[in-house]
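For reference, positions follow the sequence shown, starting with 1. Keep in mind the model is a prediction, meaning the values are calculated, not measured. For the numbers below, each heavy atom of this structure counts, side chains included, while hydrogens, waters and symmetry mates do not.
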Amino acid sequence: MAELHLLGQIVGGSGFPQRRLFCKWGLQAGAAWRPLSGLTSGQTHVDDPQADDVTYWSHPIDVHYATKGLQGWPRLHVQVWHQDSLGRCDVLGYGFCHVPSAPGLHSVRCATWRPLGDWRDRLRRRWVGGGARLAQPEELAGGGGGSDRFRLRSEAAGSVHLQLGVVLRHFGRFGVRC
């Protein structure tokens with residue numbers, strides 16, 4: 001079987017309107033992919049930057065996959081959350097990106113967005129907190145579901161920055177050049 005070893009970190013986030021942020025993340029892969037070791041989802045700590053709008057998480061990612069084919073190459077989905085002074089949490093952005101397919105070290109910027117909702121949701125977000133959320137955000141990063149996002153009214157949020165090291169093994173046996 002061919003193998004993919006993904007090593008790296010979720011460095012942090014930038015461009016979000018709030019402070020006190022944390023990130024929930026997960027990896028999704030097709031049916032031919034099987035995780036051999038490592039966690040395929042997790043959550044960072046809450047960071048409250050004092051000087052600028054850049055949040056630093058430095059959260060490690062270390063996952064080892066085995067696969068029988070290239071279909072369903074892994075994707076990383078992220079959710080950036082804000083925690084207020086009362087401990088309430090509100091989602092600020094959703095995003096997903098494909099894991100790089102070339103071996104080596106990659107700097108990846110994952111743009112995020114959030115649904116606008118109707119006028120009540122926007123009013124609630126502005127004065128009370130909260131707002132429109134996705135019922136199943138992981139489905140947007142799924143195989144054919146990425147196109148469903150374009151039916152939503154959404155606005156751009158900030159970006160999540162990642163450093164990902166990709167190690168490929170035995171892909172040449174299956175006719176894939178590394």
Discussion item. Could you go through F16 and T55, starting from their C-alpha distance and side-chain angles, then the distance that decides it, and tell me whether this counts as side-chain contact (heavy atoms from CB on, under 4.5 Å)?
Written reply: CA-CA 9 Å; F16 293 97; T55 300; 5.9 Å; no

Practice prompt. Evaluate the side-chain contact (heavy atoms from CB on, under 4.5 Å) criterion for residues L164 and L6: first the C-alpha distance (whole Å), next the side-chain angles of each, then the deciding distance (0.1 Å), finally the verdict.
Written response: CA-CA 7 Å; L164 300 174; L6 181 64; 4.0 Å; yes

Worksheet item: Going through the checks in order, is the side-chain contact (heavy atoms from CB on, under 4.5 Å) test met by V160 and T112?
Response: CA-CA 7 Å; V160 174; T112 64; 4.1 Å; yes

Worksheet entry | Steps toward side chain to side chain donor-acceptor pair (under 3.5 Å) verdict (H64, E3) | CA-CA 7 Å; H64 190 181; E3 297 177 27; 2.7 Å; yes

Item to complete: Start with the C-alpha distance between R169 and H5, add both sets of side-chain angles, then the distance that settles side-chain contact (heavy atoms from CB on, under 4.5 Å), and finish with yes or no.
Response: CA-CA 8 Å; R169 183 175 177 212; H5 200 160; over 6 Å; no

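Side-chain heavy atoms closer than 4.5 Å link hydrophobic residues (I, L, V, M, F, W, Y) into clusters, and following such links, even through other members, never connects V99 to L7. L70 and L76 fall within the same hydrophobic cluster, defined by Ile, Leu, Val, Met, Phe, Trp and Tyr side-chain heavy atoms under 4.5 Å apart, directly or through other members.
Residue C97 comes nearest to V108 through the heavy atom pair SG-CG1, 3.9 Å, listed as atom of the first residue, atom of the second, then distance. The shortest non-hydrogen separation linking L39 to W25 is O-CH2, 3.5 Å. Closest non-hydrogen pair, G95 versus C110, comes out as C-SG, 3.8 Å. Taking both residues in full, the closest heavy atoms of V166 and H106 are given as CG2-CD2, 3.9 Å, listed atom of the first, atom of the second, then distance. Summarising the geometry of A29 relative to Y65, their closest heavy-atom pair is CB-CE2, 4.2 Å, with the distance given to 0.1 Å. Residue W57 comes nearest to G13 through the heavy atom pair CZ3-N, 3.7 Å, listed as atom of the first residue, atom of the second, then distance.
With hydrogens and angles ignored, the 3.5 Å screen pairs a side-chain donor or acceptor of R19 with a backbone N or O of P49. Distance alone, capped at 3.5 Å, places no donor-acceptor pair between the S159 side chain and the R109 backbone. Between the side chain of Q83 and the backbone N or O of W81 there is no donor-acceptor pair closer than 3.5 Å. Side chain of D47 to backbone of Y56: a donor-acceptor contact under 3.5 angstrom is found.
To the nearest 0.5 Å, atom NE2 of residue H59 and atom CG of residue L162 are 11.0 Å apart. Remark: T67 OG1 to R34 CZ distance equals 10.0 Å, nearest 0.5 Å. Here the CD-CD1 distance, from Q163 to I61, works out to 11.0 Å after rounding to the nearest 0.5 Å. If you take CG on D48 and NE2 on H82, they are separated by 9.5 Å, rounding to the nearest 0.5 Å. D53 contributes atom CG, which lies 12.0 Å from atom CD of Q18 (distance to the nearest 0.5 angstrom). With values rounded to the nearest 0.5 angstrom, L168 atom CG is found 8.0 Å from S101 atom OG.
Using a 4.5 Å cut-off on side-chain heavy atoms (C-beta onward), L92 and R114 make contact. Within the 4.5 Å cutoff, the side chain of H77 has heavy atoms near those of the Q28 side chain. By the 4.5 Å heavy-atom criterion applied to side chains, V78 and F96 are not counted as neighbours. Considering only heavy atoms from C-beta on, P74 comes within 4.5 Å of L4 through its side chain.
Relative ring orientation between W73 and W33 is described as perpendicular, the plane-to-plane angle rising above 60° on a 0-90° scale split at 30° and 60°. W113 and Y94 have tilted rings, their planes meeting at an angle from 30° to 60° on a 0 to 90° scale.
Checked by atom type, the side-chain pair H161/S107 shows no donor-acceptor distance below 3.5 Å.
Residue L36 places its CG atom among more than 12 non-hydrogen atoms of other residues, nucleotides or ligands, all under 6.0 Å distant.
A side-chain contact (heavy atoms from CB on, under 4.5 Å) with F22 is found for one member of Q79, H45, Q43 and no other, namely Q43.
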